[in-house]
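Only this structure's heavy atoms are used, side chains among them; waters, hydrogens and symmetry mates stay out. Below, chains carry the letters A, B, ... as their sequence lines are ordered, and counting in each starts from 1.
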Amino acid sequence: MSGDQPHNDSQINVDFRANDSHKHKDKEHRHKEHKKDKEKDREKTKHSNSEHKDSIEKKHKEKEKERHKDGSLERPKDGSSEKHKITSLERSKDDSLERNKNSLEKHKNKHKEKDKEKRREEKVRSSSGDVKVKKEKENGFSSPPRIKDEPNDDSLYTPPKENSKPLKRFRNDDICDIKPKKIKIEDIKKAKKRKQEHEEDIKPKKVKSKNKDSHAATRKKIKKEEEQKWKWWEEERYADGIKWKFLEHKGPIFAPQYESLPDKVKFYYDGKVVKLSSKAEEVATFFAKMLDHEYTTKEIFRKNFFKDWKKEMTSEERTAITNLNKCNFNELSQYFKEQSEARKQMTKEEKQKIKEENEKLLQEYGYCVMDNHKERIANFRIEPPGLFRGRGNHPKMGRLKRRIRPEDIIINCSKDSKVPPPPSGHKWKEIRHDNKVTWLVSWTENIQGSIKYIMLNPSSRIKGEKDWQKYETARRLKKCVDKIRNNYREDWKSKEMKVRQRAVALYFIDKLALRAGNEKEEGETADTVGCCSLRVEHIKLHPEIDSQEYVVEFDFLGKDSIRYYNKVPVEKRVFKNLQLFMENKQTDDDLFDRLNTGILNKHLQDLMEGLTAKVFRTYNASITLQQQLKELTNGDDNVAAKILSYNRANRAVAILCNHQRAPPKTFEKSMITLQTKIDAKKDQLADAKRDLKSAKADAKVRRDEKSKRMVESKKKTVQRVEEQLMKLEVQATDREENKQIALGTSKLNYLDPRISVAWCKKFGIPIEKIYNKTQREKFAWAIDMADEDYEF
DNA sequence: ATGTTGACTTAGGAAGAAGTTG
DNA sequence: CAACTTCTTCCTAAGTCAACAT
């Protein structure tokens, strides 16, 4: 499909540019240092085989060049690196701090009103100008019928199994020709029938559940099933909305009660010992435990902490303790360090005992029964109290996260199940029987007032089905993405501002895999943005730069305050539109002032059933992996080299999605030790080769069996050592390239696992090399169902 | 439309376990 | 076997998106 990824080359280039400035600087810097280190090493060891080193470096360079040619991994060497010298993560913090200081206040008051003003203004502007025809055009443009008619025959991409067993219809996804409302009714009817049949098959426990014998019977049954690994993906799914029929669990585990400090551990205020009340002391320990962290030095953190701490103090304490700077937590901090040290020093037996106890708790609380199957729960422990630490420059950092009591907890389970008893002397806040949701336990958290849930493990049916469904939606997008791309390109010319903005935003989401960008409440969270919430200050337009035309420079903080930096050449039309959008705006005005995620997603829904902004991320990630694997894998390579190719493909995706990590603290050091190993291995190889030579010479002279055998064994040694060396070198390359890129997130959330499974099967790579145990559990469905010619 | 809330996915870092090495 | 590194699991914050309320 030519249109699969018209953007891919640029995407990947672009991505490397995403690291551009700061990261690149950093990378280049690191490269130099690395070389220096190598040189040092050489001098030290004197066994240097500089030839070898050079050749490896050359090899790497060549490889990188190749990749560059492919439009893959190499970053362009443009000179945009000067400005940013700090690594992304550090930088992002500083940046946001600065900005927040300056603009937070402004924003708070301004933004909402300004938005309204703006809207008013622009209405005037547009009605007088060229954007008159709004209503008609809007109707004209959304033109859903055309798109909806797009043949939706999943058959092409749907493995036979799926065909015979209908996919679950979360949003009536795969019946596309019928109007949604009708479907609902029909689906429910069908579902009822299906379920009746289904239940007859598996003997629902519903009726019998009060009977203990039958409970025991089901348990046995569950155990049996456990042994042979339930393949939920071969079974029918529930229709619309219903998530389960039976749900029983043991409730959550609460955080351990606070234990007072021993008397010898003292807290000082203004140089004098102060004995704190239990409540105040507990909160003090939270602070003391974090003392080593940088954020206890931050003004906002300290202010928030102190305010909340005072609330926990007795009135005497409150009058006595008025200045956090006069508080001395050192003894507390010291005490906790000793404690953790002591924990490390425990004997094997003690550790074993703790492990066993944990295992017992896991067995008791870590599983639930959902529809005749025992399933693992993800987070069965209630979050303990502590100090809130948001990410980035969070206005609420340092606030007290309060202890959750049974009275805060809502239990969700089925009516016919054994409701978990609350801890003695307590009651649950509520017991609910809602099978339209997947959670077992919920409570409201006190920092943001949001609801927290206990849900099932990713290996569970309920999560797995949804995950599978996600990739199926992305595959449906694959089939109509060309149309959608043409559609938004047309919309760049629209007379209506709203449509143009929508089209440009969608272009970014598609090309750059940006997140949708919901509005957020000012002052409640860190100042981060996604596509729809970009502000004028987040982009710069360069009509020409580095011999490229129409370049947009992005620089903003995204989710988790991870910095997104990228210079992207765009089409002229996009560029001109951006200029238009930015006209007469302040830096802190919204770039897309007529757009939000709701509008965008509604439009997408019209283009394809189930399509939302985030599907583009999934789609582009998966299609990139597939294409990169195709390009990078060399069938003649050995396993290690193939895996390097896989990791590189994975890396291309991680870069596309801007999945970063802080470089491991020990990165430089571990690189050096690895290099030393490589050097040692090279020496060993040289020795082995010499041995082989002399053995050969020897054999020539002697011509006896023994010396022949000797030659053979020496040959083998050389081969073995060569392989080992190769493996080390591959490892070094891989690690180097991975310094601040996190592969895990995309692997876990964006890449259709069937692509990887198919790749493994095709090239004879054991799946364990790609997925660890947890990942194999999560992707069991894919491992079971994908064969080597699976295509995304 | 706009705002609010609830449910669920996505995310990076910390802690803990396992593996490696001197 | 202790110290260190690396891999895995845990933790929970921070997004997305749809349904509902205004």
Side-chain angles (χ1 to χ4, degrees), chain A residues 89 112 115-116 119 170-171 241 243 290 293 340 343-345 348 351 354-355 358 362 378-384 386 388-392 394 396-397 401 410 412 434 436-439 442 444-445 447-458 462-463 466-467 469-470 515-521 524-526 528-533 557-562 596-602 604-605 610-615 617-618 621 654 657-662 664-667 669-670 673-674 677 731 735 740-742 744-750 771-775 777:
Chain A
L89 297 172
K112 281 181 188 169
D115 275 356
K116 281 173 198 163
R119 254 162 241 135
F170 286 96
R171 278 179 222 131
K243 303 291 168 60
M290 300 173 113
H293 252 111
S340 78
R343 230 171 299 136
K344 273 185 213 156
Q345 298 304 320
K348 266 184 193 159
K351 281 182 182 168
I354 291 174
K355 210 177 164 185
N358 274 331
L362 172 69
N379 55 326
F380 51 91
R381 283 170 212 273
I382 297 283
E383 296 172 18
F388 176 81
R389 167 58 183 165
R391 297 178 190 154
H394 197 116
K396 295 189 174 177
M397 66 169 87
K401 223 172 85 161
I410 304 174
N412 192 35
D434 182 355
K436 299 275 204 299
V437 297
T438 66
W439 52 268
S442 77
T444 302
E445 151 267 5
I447 304 290
Q448 317 277 352
S450 63
I451 308 168
K452 300 259 181 157
Y453 304 94
I454 291 183
M455 291 182 183
L456 296 193
N457 201 58
I462 209 155
K463 293 287 181 192
K466 199 77 183 293
D467 205 37
Q469 161 90 17
K470 172 180 77 188
R515 295 188 185 83
N518 286 307
E519 310 84 302
K520 321 203 299 177
E521 221 175 314
E524 296 289 303
T525 59
T528 64
V529 298
C531 186
C532 294
S533 50
L557 299 183
K559 182 177 180 180
D560 294 323
S561 291
I562 296 292
N596 60 43
T597 51
I599 295 170
L600 181 66
N601 279 334
K602 212 167 277 166
L604 291 175
Q605 191 64 227
L611 184 61
T612 64
K614 83 186 186 74
V615 179
R617 249 167 104 79
T618 311
C657 295
N658 200 37
H659 291 141
Q660 301 188 22
R661 62 167 184 176
K665 286 190 184 78
T666 54
F667 184 86
K669 212 173 38 172
S670 76
T673 42
L674 191 58
K677 264 195 210 166
Q731 202 187 345
R735 194 181 297 177
Q740 39 187 220
I741 298 166
T745 306
S746 50
K747 203 184 226 179
L748 233 49
N749 300 301
Y750 288 103
Y771 292 136
N772 68 28
K773 186 168 140 279
T774 323
Q775 296 170 151
E777 278 166 17

Are there any protein N/O atoms within less than 3.5 Å of an N/O atom in nucleotides 18-22 of chain B, and if so, which ones and at what distance?
{"unit_1": "B:dT21", "atom_1": "OP1", "unit_2": "A:Lys677", "atom_2": "NZ", "d": "3.3"}

>> What is the separation between atom CD1 on A:Ile447 and atom C1' on C:dG15, rounded to the nearest whole Å?
In response: 18 Å
> Which residues satisfy the side chain to side chain donor-acceptor pair (under 3.5 Å) test with A:Lys747, sequence neighbours excluded?
Replying inline: none
> Which of the following nucleotides, B:dT10, B:dT9, C:dT5, is nearest to the side chain of A:Thr666?
Replying inline: C:dT5
> NA contact type, A:Thr528, heavy-atom cut-off 4.0 Å: base, sugar-phosphate, or nothing?
Replying inline: sugar-phosphate
> At under 4.0 Å, does any side-chain N or O of A:Thr612 touch on OP1 or OP2 of C:dC17?
Replying inline: yes
> Any side-chain N or O of A:Lys452 less than 4.0 Å from the OP1 or OP2 oxygen of B:dA7?
Replying inline: no
>> Applying a 4.0 Å non-hydrogen cut-off, can you work out what A:Ala516 is touching in the nucleic acid: base, sugar-phosphate, or nothing?
In response: sugar-phosphate
> A:Lys470 side chain to A:Asn749 main-chain N or O, any donor-acceptor pair under 3.5 Å?
Replying inline: yes
Distances for protein N or O near nucleotides 20-22 of chain C N or O, under 3.5 Å:
none

>> Suppose we screen for side chain to side chain donor-acceptor pair (under 3.5 Å). Which residues come up paired with A:Thr666, at least two apart in sequence or across chains?
In response: none
>> Is there a side-chain contact between A:Asn518 and the phosphate of C:dT16, meaning an N or O under 4.0 Å from OP1 or OP2?
In response: yes
> Ignoring hydrogens and angles, are the base of B:dT9 and the side chain of A:Lys614 linked by a donor-acceptor pair under 3.5 Å?
Replying inline: no
>> At 4.0 Å (heavy atoms only), tell me whether A:Lys401 reaches a base, stays on the sugar-phosphate, or touches nothing.
In response: sugar-phosphate
> Quick one: A:His659 NE2 to B:dG13 P, roughly how many Å, whole number?
Replying inline: 12 Å
> How is A:Ala613 classified with respect to the nucleic acid when contacts are heavy atoms under 4.0 Å: base, sugar-phosphate, or nothing?
Replying inline: sugar-phosphate
>> Mind checking if A:Arg735 touches a base, just sugar-phosphate, or nothing, with heavy atoms under 4.0 Å?
In response: sugar-phosphate
> When all nucleic acid strands are considered with a 4.0 Å heavy-atom cut-off, which category describes A:Thr673: base, sugar-phosphate, or nothing?
Replying inline: nothing
> Which residue lies toward the 5' end of DNA chain C, A:Asn457 or A:Lys669, if each is placed at its nearest nucleotide?
Replying inline: A:Lys669
>> What contact category does A:Gly744 fall into here, base, sugar-phosphate, or nothing, at under 4.0 angstrom with non-hydrogen atoms?
In response: nothing
> For A:Glu524, which residues count as a side chain to side chain donor-acceptor pair (under 3.5 Å) partner, sequence neighbours excluded?
Replying inline: A:Lys396
> B:dG16 P sits how many Å from A:Lys344 NZ, rounded?
Replying inline: 9 Å
> When you check the phosphate oxygens OP1 and OP2 of B:dA11, does a side-chain N or O of A:Arg515 lie under 4.0 Å from one of them?
Replying inline: yes
>> So if I take every side-chain heavy atom of A:Arg391 and compare against C:dC17, C:dA14, B:dA7, which nucleotide ends up nearest?
In response: C:dA14
> Are OP1 or OP2 of B:dA11 and a side-chain N or O of A:Tyr750 less than 4.0 angstrom apart?
Replying inline: yes
> For A:Arg389 and C:dC10, what is the distance between atoms CZ and C1' respectively, to the nearest whole Å?
Replying inline: 19 Å
> By ring-ring contact (aromatic ring centres under 6.0 Å, His included), which residues pair with A:Tyr750, not counting sequence neighbours?
Replying inline: A:His659
> Quick one: salt bridge (Lys or Arg N to Asp or Glu O under 4.0 Å) partners of A:Lys520, sequence neighbours excluded?
Replying inline: none
> Residues two or more places apart in sequence or in another chain: which of them pass side chain to side chain donor-acceptor pair (under 3.5 Å) with A:Ser670?
Replying inline: A:Arg735
>> Under 4.0 Å, counting only non-hydrogen atoms across every strand here, what does A:Pro458 touch: a base, just sugar-phosphate, or nothing?
In response: nothing
> When we call it a touch if two heavy atoms are under 4.0 Å apart, what does A:Phe388 touch: a base, just sugar-phosphate, or nothing?
Replying inline: sugar-phosphate
>> Once salt bridge (Lys or Arg N to Asp or Glu O under 4.0 Å) is applied, do any residues pair with A:Lys401, and if so which ones, sequence neighbours excluded?
In response: A:Glu383
> How does DNA chain C look in dot-bracket form if you count Watson-Crick and G-U pairs under 3.5 Å, write [ ] for pairs that cross, and put | where a base pairs with another strand?
Replying inline: ||||||||||||||||||||||
> Who passes side chain to side chain contact (heavy atoms under 4.5 Å, CB included) against A:Cys532, sequence neighbours left out?
Replying inline: A:Leu595, A:Thr597, A:Leu600
> Can you tell which of B:dA7, C:dA14, C:dA18 lies closest to the side chain of A:His394?
Replying inline: C:dA14
>> Test of understanding: with side chain to side chain contact (heavy atoms under 4.5 Å, CB included), list the residues that count as partners of A:Val437, not counting sequence neighbours.
In response: A:Asn412, A:Asp434, A:Trp439
> Could you state the CD1-P distance from A:Ile451 to C:dT12, rounded to the nearest angstrom?
Replying inline: 18 Å
